[in-house]
Q: 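My questions all concern the structure below.
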Amino acid sequence: MQRANLYLLLMLLVNPALSMADDASDMAKMQRKLNAETMQKPFAVEDAAKIDSYVNEAMKKNLQPRTAPPSYWRPGYTCNSIYGNSWTDYRDCMYYHRYYGRYW
């Protein structure tokens, strides 16, 4: 009887480990697939001509640029520092820089 209990206990301990190993393997496969999909379409700021067009139109209309920098802005940053974070933040930075001649 003790052997049966020992065998049952052993099976209960081993099976979840096998199940977790399968889950980990599946997770690794899914992560590799997701990484490949992400790298096929790397983040890029919209067409530079769109930003220039936005800046020129805003300057013609004499619109005030956004005065508060994004929450992740740090002293010494330039617009290129936030290039990969957000298209609108990058666009606003470019406009602010063109309008005031300095960064936030």
Q: Please list all pairs passing the disulfide bond (SG atoms under 2.5 Å apart) test where one or both residues lie in residues 69-104, with sequence neighbours left out.
A: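 For residues 69-104: Cys79-Cys93.
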
Q: Looking at Tyr103, Trp104, Tyr96, which one forms a ring pair (Phe, Tyr, Trp, His ring centres under 6.0 Å) with Tyr100?
A: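 Answer after filtering Tyr103, Trp104, Tyr96: Tyr96.
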
Q: Atom CG of Asp92 and atom OH of Tyr54: how far apart are they, to the nearest 0.5 Å?
A: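 Going from the CG atom of Asp92 to the OH atom of Tyr54 covers 5.0 Å.
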
Q: Report yes if the side chains of Tyr83 and Asp89 come closer than 4.5 Å at any heavy-atom pair, otherwise no.
A: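 With C-beta onward as the side chain, the pair stays apart.
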
Q: Got a second to check how far Met27's CE is from Arg32's CZ, nearest 0.5 Å?
A: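 Those atoms lie 12.0 Å apart.
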
Q: Under 4.5 Å between any side-chain heavy atoms of Tyr90 and Asn85, yes or no?
A: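 Tyr90 vs Asn85: side chains apart.
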
Q: Quick one: pull up CG in Asp52 and CE in Met94 and give me the separation to the nearest 0.5 Å.
A: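 Asp52 atom CG to Met94 atom CE measures 6.5 Å (nearest 0.5 Å).
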
Q: Given side chains that start at C-beta, do those of Ile51 and Tyr95 come closer than 4.5 Å, heavy atoms only?
A: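 Result no, sub-4.5 Å side-chain heavy-atom pair not found.
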
Q: Below 4.5 Å, heavy atoms only, C-beta onward: do Asn56 and Arg98 meet side chain to side chain?
A: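 Heavy-atom side-chain distance check passes, below 4.5 Å.
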
Q: When rounded to the nearest 0.5 angstrom, what distance separates CE in Met30 from OG in Ser25?
A: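 Reported value, rounded in 0.5 Å steps: 9.5 Å.
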
Q: Test side-chain contact (heavy atoms from CB on, under 4.5 Å) on Lys29 and Lys33; report intermediate values, then the result.
A: CA-CA 6 Å; Lys29 286 178 188 175; Lys33 182 181 176 191; over 6 Å; no

